[in-house]
Amino acid sequence: MAHIELSDVEVSYPVYSTGRQRSILTFAAHRASFGRVAREVGQIPTVDALNGISFELKEGDRLAVMGRNGSGKSTLLKVCSGLILPDRGKVSLQGTRASILSLGSSLDPDKSGVENVEMIGQLLGVSRKERKLLLEDVADFTELADFLHLPVRTYSSGMTVRLLFALATSVERDILVVDEVIGAGDALFVEKAAKRVRAMFDRAKILVLATHSGDIAAQLCNQALWIHGGRPIMSGAPAEVWNAYIDQRPPLEAVA
Amino acid sequence: MGTAAIAFRDLGGSLLRLPLAARLAADDIHGKYRRTVLGPLWISLGQAAMIAGFILVFSGLFNIEPQTYALYLAAGFPVWGFLSLYLADMPNTFIVNKGLLESYELPWLTLIWRRSIGYFLLFLHHIITLVALMAILRVTPTIEMLYAIPALLITIIAGTGVGMLLATIGARYRDVQPAMQMAAGFLFMFTPVMWRADQLQVNTWAYEYNPLYYYVTLVREPLLGRVPAPEIWMGAGAGAAALFVVGFLAFLIGRRQLYHWL
């Protein structure tokens, strides 16, 4: 049973701008001198990334998250992935999840595609027999052919996305969280990805997708949320929210 | 769900996935030596060369019989290497595995167990030198050597506690890893690995108050066919329980901020 519920979620995070703020030796000096040494260590600025976000997603819900750069989309996705715990408010996540949040970061660049599939297969608890099928499935979807035997660091960004996307969608997970990286694939790939995600959703799962494309939102999702400055502005059908977002209606000054 | 509940669920999940952590650890070692002809045997060879060098110089210096000294070193060095990895390697565990955590639902502590078991596997490679040396010197293995098994278990629990603590602090403060690497090199001097505790007549506090002394002795003694003294078992056992609790508490308290630190 897959279910995501956020009620009045608030997240702020520290921003470390100097190396000294990340040094335990400086921190010790700061403490030992009662704050006279390394003053900036005691004043680490925080960013309010999310404020008053509430929604509920049930099986079959596919949510597109829209907003300008820095509006809090990625933070929201990380909350939905269980990585970030909210400072205030409640998050309840039920169901297994897979996330594509950054390019290639879960792949070992020195290992070949095949070896990476093998490792991630183990990680996902796929049996030895099924891992063979997994590899066939990944090879079939990514069309990487012989590249699968080369180290991942030799891949182009589009190829990496294809491999990541294939892996994240290869094993049945209840919740799939995707940041806009999907845009790095070529047009043919986007279509293929859309087909694959739709196939996944025939088995009733949850998708949370951050996107800068109205087309992708309309193709893949059945509801949308527009956030700005970490606050919800509008939610509704993807096309409707996208048009409002593009026209900036309601005007943001009125809400903020 | 509160942070404590999330941390406990993480711990429970990581214990259930210990076989996974072991497979990943084996995979790590395999990957590391994949492009070499001898594979992980390189580790044992390097170890043997180092011990040979030490015997040439130090058996004369300390005036010990070379054979006894060789066995002492071949047992002590792997144990020291095993312990020092917990200090020098654990702090960056969460940092370097950020991508994995972002992509797959995985208990965070599985990453700690994976390293912990990896260190143990490296230790097993290092101990080959001792086995070879015993064969050459015709030392017959004794039943007392089996005490090494509980000794290693206690050490792994203590080390995993240290690992949880250092990986959490190490995510927040990026100089923990280099600081611990330096500390490990420093502590090597104070721990009876090259020298024997009974040789030290003055400044005996150097090892008496050094926790690493108890763990080195705990594992090394059985490897040399002796049973560690009861106070060593008690000290190391109680220490392991305390370290595990402290390490887990650090993770529990740090978990809310941990992702922001990465």
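Every chain is numbered from 1, with letters handed out A, B, ... down the list of sequences.
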| message | Once rounded to the nearest 0.5 Å, what's the spacing between atom CG of A:Leu83 and atom CG of B:Leu101? | response | 7.0 Å
| said: Report which part of A:Ile175 has an atom under 4.5 Å of a heavy atom belonging to chain B: side chain, backbone, both, or neither. | reply: neither
| field | Heavy-atom proximity to chain A below 4.5 Å, by part of B:Leu258 | value | neither
| field | Engaged part of A:Ser81 at the chain B interface, taking heavy atoms whose separation is under 4.5 Å | value | neither
| Is there a side-chain contact between B:Arg172 and A:Phe27 (heavy atoms, below 4.5 Å)? | no
| query | Does the side chain of B:Glu102 come within less than 4.5 Å of A:Ser99's, by heavy atoms? | reply | no
| message | Looking at every non-hydrogen atom in both residues, tell me the closest pair between B:Leu20 and A:Gln122 and how far apart they are. | response | CD1-O, 3.2 Å
| said: Other residues, nucleotides and ligands only: do more than 12 of their heavy atoms fall within 6.0 Å of CZ on B:Phe188? | reply: yes
| message | I want to check something: taking the side chain as every heavy atom from C-beta on, are B:Tyr259 and A:Tyr13 in contact at a cut-off of under 4.5 Å? | response | no
| note | Whatever's closer than 4.5 Å to a heavy atom in chain B on A:Ser92 counts as neither
| message | Please output the residues of residues 103-111 of chain B in contact with chain A, using a heavy-atom cutoff of under 4.5 Å, in numerical order. | response | B:Ser103, B:Tyr104, B:Glu105, B:Leu106, B:Trp108
| task | Counting only heavy atoms closer than 4.5 Å, note whether A:Val177 contacts chain B via side chain, backbone, both or neither. | result | neither
| remark: Turns out that what part of A:Ile120 lies under 4.5 Å from chain B's heavy atoms comes down to side chain
| Would you find more than 12 non-hydrogen atoms of other residues, nucleotides or ligands less than 6.0 Å from B:Phe123 atom CZ? | yes
| query | chain B heavy atoms under 4.5 Å from A:Ser12: which part of the residue, side chain, backbone, both or neither? | reply | backbone
| request: Please determine, among B:Arg255, B:Gln257, B:Lys98, the option with the most heavy-atom pairs under 4.5 Å with chain A. | output: B:Arg255
| remark: Counting heavy-atom pairs under 4.5 Å with chain B, the top scorer among A:Ile24, A:Leu85, A:Leu167 is A:Ile24
| message | Between A:Gln21 and chain B, with a heavy-atom cut-off of 4.5 Å, which part of the residue counts as in contact: side chain, backbone, both or neither? | response | backbone
| field | B:Arg17 portion near chain A, given a 4.5 angstrom heavy-atom threshold | value | neither
| request: Please state whether the side chain, the backbone, both or neither of B:Leu100 comes within less than 4.5 Å of a heavy atom of chain A. | output: both
| task | Can you check whether anything in residues 174-186 of chain B gets within less than 4.5 Å of chain A, heavy-atom wise, and list it by number? | result | B:Arg174, B:Asp175, B:Val176
| Do the side chain of B:Arg23 and the main chain of A:Met119 share a donor and acceptor less than 3.5 angstrom apart? | no
